There are 2 protein chains.
Amino acid sequence: MYNERKGLLNDKGVNAMEEVACLKQDGLNNTCMFSRQSLQTLKSMMTETTFKKGSNIFWEGDHSDKLFFVISGRVKVFKSAYDGRDLVLHYFMDGDLFGEISCLGSMECAYTATAVTECTIGLISEKDLEPQLLTNSSLSFEFMKWIGMMGQFTQVKMRDLLFYGKNGALASTLLRMLHGYSKTEEDGIHYTISLTNSDLAQLIGSTRETVNRMLQSWKNDGAIDYYHGSIVIKDLKYIKEICHCEDRCPLNICRL
Amino acid sequence: MYNERKGLLNDKGVNAMEEVACLKQDGLNNTCMFSRQSLQTLKSMMTETTFKKGSNIFWEGDHSDKLFFVISGRVKVFKSAYDGRDLVLHYFMDGDLFGEISCLGSMECAYTATAVTECTIGLISEKDLEPQLLTNSSLSFEFMKWIGMMGQFTQVKMRDLLFYGKNGALASTLLRMLHGYSKTEEDGIHYTISLTNSDLAQLIGSTRETVNRMLQSWKNDGAIDYYHGSIVIKDLKYIKEICHCEDRCPLNICRL
DNA sequence: TCGAAAGTGTGACGAAAATCATACACCTGA
DNA sequence: TCAGGTGTATGATTTTCGTCACACTTTCGA
């Protein structure tokens with residue numbers, strides 16, 4: 001169950017593209033890789049579309065010829081196994097750009113994107129973008145950094161999921177959620193997003209039951225607690241030790 | 001134990017940069033993302049260096065300000081866990097470009113590169129490359145595709161390692177090895193590279209023993225065999241079914 | 001060419017994690 | 001207000017996989 005109400009606290013409204021971009025640039029969670037100027041260029045190419053909660057933005061196997069800029073809402077991007085199991089790679093939020101990077105090479109999508117909440121998305125088509133990239137060198141340079149950052153994100157996530165077992169994978173996910181989806185209070189760090197055990201399981205390639213047992217055990221150790229059904233971090237150090245986190249990842253990597 | 005002799009069959013000699021590039025471009029295993037012209041530009045920036053077998057080309061944590069073009073030899077790139085376990089991400093061969101993509105953002109390396117055989121490497125320094133990328137738009141466009149391809153490689157590998165257990169991970173690795181390191185004979189597909197059980201284990205984030213047991217069991221089923229200590233694929237379909245391979249990955253993704 | 005080093009093959013064991021099963025607490029909408 | 005859907009909690013069982021131990025084989029360099 002995703003908590004609609006909390007998600008919407010951050011909603012900037014439908015025509016707030018500029019505001020979103022600026023907030024992201026100046027704010028604490030600066031995950032935006034683009035300069036104001038480049039964003040302006042991108043904005044001029046966007047076609048605004050809304051997606052209903054639960055609808056698919058693109059499918060694995062689609063021919064990809066677009067990029068997507070999240071104006072409002074949340075999007076998850078995942079790969080599916082033949083038996084229906086999913087591995088969630090990303091949760092995107094307002095201000096994020098996503099899409100099949102290889103759209104530039106006209107390949108098919110390697111994953112699926114679904115609107116987790118109602119979303120407003122700015123579509124950027126390859127045929128509009130490509131000429132810009134070939135002429136506007138500062139834009140193309142920023143694009144290169146962006147693509148590189150996305151690749152690094154995947155690599156670091158891979159390490160997190162493979163090195164320290166399922167416990168490590170879950171711990172690193174909780175830490176990633178801190179950036180963009182948390183608020184510090186007196187009694188601990190509260191999450192402003194509410195993911196179910198199943199959602200967490202998909203993020204680490206595991207099962208609902210395993211996630212539940214791990215969380216339960218951490219709760220018994222006093223490292224986490226629940227408040228209105230959502231997780232509160234009581235002992236950050238405890239969680240960090242599980243996945244050997246050394247606080248070395250930049251914020252645009254250490255995120256969902 | 002890497003089989004030096006077999007590896008050297010493909011050796012193009014020290015000053016064969018051009019030849020390497022062309023062969024890669026025109027050959028079956030076209031993994032090179034760059035046009036002849038861009039390669040020429042890159043070549044003009046390269047400083048040729050040799051690395052002894054077993055020496056490190058760069059370390060995790062190094063400040064990265066270079067890219068590397070393999071002129072001859074083989075290079076492996078891996079991440080280390082705190083306890084010394086390694087996860088090998090890539091094996092590169094002649095004609096491949098590699099390096100910390102985020103060198104463009106001046107970050108530290110996220111992994112280590114080691115020369116598996118004696119290597120001749122062309123070094124490209126960031127300060128030479130960056131001005132070219134900012135002015136030469138076709139080069140920067142090709143770079144963008146290259147970086148995107150590297151990211152997709154990581155994503156697909158992540159899926160392979162997480163979805164179908166260690167059996168699936170090993171099977172997909174054997175399939176990847178087919179591209180670039182195999183030769184079809186009457187009695188099956190022979191590998192021209194000889195990786196030890198430990199090497200395979202590092203490629204899938206597992207242990208020597210587990211790899212050995214899996215190979216042994218596949219051998220008992222008649223799916224693989226050994227010839228002069230190196231694996232021969234007898235039943236390709238059997239292997240493909242283990243990791244649900246549907247032959248949909250492009251060749252520059254489905255490789256080591 | 002001989003011995004050390006590196007690699008292979010296997011059994012025994014246990015920990016980690018998936019799977020199967022069941023109970024129960026909730027919303028929420030008819 | 002009650003039924004059905006969704007999510008949580010937990011036990012029992014099985015499978016997968018890593019660890020340890022040891023014998024055997026191959027390779028390679030002094």
Side-chain angles (χ1 to χ4, degrees), chain A residues 1-6 53-54 81 83-87 116 161-171 173 191 193-221 224-232 242-243, chain B residues 1-7 52-54 81 83-87 116-118 161-171 173 191 193-221 224-232 242-243:
Chain A
M1 161 211 54
Y2 297 101
N3 192 314
E4 280 314 305
R5 219 168 310 123
K6 286 177 185 172
K53 175 179 171 176
D83 59 2
R85 269 155 53 235
D86 291 335
L87 175 67
V116 172
L161 296 196
L162 289 168
F163 271 175
Y164 307 114
K166 298 302 177 187
N167 278 280
L170 182 58
T173 302
Y191 287 107
I193 189 179
S194 176
L195 298 180
T196 65
N197 290 352
S198 301
D199 292 328
L200 291 170
Q202 292 188 329
L203 277 162
I204 66 172
S206 178
T207 61
R208 192 176 63 70
E209 292 96 324
T210 301
V211 167
N212 185 268
R213 274 183 253 264
M214 290 188 285
L215 290 176
Q216 223 54 38
S217 132
W218 297 349
K219 188 181 162 199
N220 289 338
D221 287 356
I224 65 169
D225 205 346
Y226 287 97
Y227 179 76
H228 288 346
S230 138
I231 299 171
V232 179
I242 295 172
C243 57
Chain B
M1 157 218 51
Y2 298 101
N3 191 315
E4 279 315 303
R5 218 167 311 124
K6 285 176 186 171
K52 282 215 189 67
K53 175 179 171 176
D83 59 2
R85 268 158 53 237
D86 290 338
L87 177 66
V116 171
T117 65
E118 166 124 355
L161 296 194
L162 288 168
F163 269 174
Y164 307 115
K166 297 303 176 188
N167 278 280
L170 182 58
T173 302
Y191 287 108
I193 188 181
S194 174
L195 298 180
T196 65
N197 291 351
S198 302
D199 291 329
L200 291 170
Q202 291 189 330
L203 276 162
I204 66 172
S206 179
T207 62
R208 183 183 73 72
E209 293 93 328
T210 299
V211 167
N212 185 272
R213 274 182 253 264
M214 291 189 285
L215 290 177
Q216 222 54 39
S217 130
W218 297 349
K219 189 183 161 198
N220 288 338
D221 287 357
I224 64 170
D225 204 346
Y226 286 96
Y227 179 77
H228 287 350
S230 139
I231 299 171
V232 179
I242 295 173
C243 57

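This is a predicted model, so every value here is computed, not measured. Below, read A as the first sequence line, B as the second, and so on, with proteins coming before strands; counting in each chain starts at 1.
Atom CG of residue L170(B) and atom CZ of residue R213(B) lie 13.5 Å apart, to the nearest 0.5 angstrom. Within the model, atoms OG1 of T173(B) and CD of Q202(B) stand 12.0 Å from one another, a figure rounded to the nearest 0.5 Å. The CD1 atom of I224(B) sits 7.5 Å away from the CD atom of Q216(B) when rounded to the nearest 0.5 Å. L195(A) contributes atom CG, which lies 6.5 Å from atom CG of L203(A) (distance to the nearest 0.5 angstrom).
Rounded to an integer number of Å, the gap from N197(B) CG to dT10(C) P is 11 Å. With rounding to whole Å, F163(A) atom CZ is found 18 Å from dA16(C) atom C1'. As rounded to whole Å, 12 Å separates atom P of dT8(D) from atom NZ of K219(A). Atom CZ of R208(A) is separated from atom P of dA17(C) by 17 Å (rounded to the nearest Å). L215(A) has its CG atom 14 Å from the P atom of dA17(C), to the nearest Å. For the pair H228(A) NE2 and dC27(C) C1', the computed distance is 15 Å after rounding to whole Å. Taking atom CD1 of I224(B) as the reference point, atom C1' of dG9(C) lies 13 Å away to the nearest angstrom. Taking atom CD1 of I204(A) as the reference point, atom P of dA16(C) lies 15 Å away to the nearest angstrom.
Comparing the axis of the opening five pairs of the helix from dT1(C)-dA30(D) to dA30(C)-dT1(D) with that of the closing five pairs yields an angle of 40°, rounded to 10°.
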Base, backbone or nothing for each nucleotide of nucleotides 13-18 of chain D, written B, S, -, heavy atoms under 4.0 angstrom, 5' to 3'? ----SB
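With sequence neighbours excluded, the residues satisfying side-chain hydrogen bond (donor to acceptor under 3.5 Å, both in side chains) with D221(A) are Y238(A). N220(B) is linked by a side-chain hydrogen bond (donor to acceptor under 3.5 Å, both in side chains) to nothing, counting only residues two or more places apart in sequence or in another chain. For D86(B), the side-chain hydrogen bond (donor to acceptor under 3.5 Å, both in side chains) partners two or more places apart in sequence, or in a different chain, are S80(B). Annotation: side-chain contact (heavy atoms from CB on, under 4.5 Å) contacts of Y164(A) (sequence neighbours excluded): H244(A), A81(B), Y82(B).
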What protein N or O atoms touch nucleotides 23-26 of chain C N or O atoms at under 3.5 angstrom, if any, and at what distances?
none

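Taking both residues in full, the closest heavy atoms of Y191(B) and I231(B) are given as CD1-O, 3.3 Å, listed atom of the first, atom of the second, then distance. The minimum heavy-atom distance between S194(B) and S230(B), with the atom names listed, is OG-CB, 4.4 Å.
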Would you tabulate the side-chain donor-acceptor contacts of residues 204-212 of chain A under 3.5 Å, counting partners in other chains and residues two or more places apart, or write 'none'?
{"residue": "T207(A)", "atom": "OG1", "partner": "T210(A)", "partner atom": "N", "Å": "3.4"}
{"residue": "T207(A)", "atom": "OG1", "partner": "T210(A)", "partner atom": "OG1", "Å": "2.9"}

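Here the side chain of E209(A) is nearest to one of dT8(D), dC20(C), dT8(C), namely dC20(C). Side-chain atoms of N212(B) lie closest to dG9(C) of the nucleotides dG7(C), dG9(C), dT8(D).
Put simply, Q216(B) has no side-chain N or O that comes within less than 4.0 Å of OP1 or OP2 on dT8(C).
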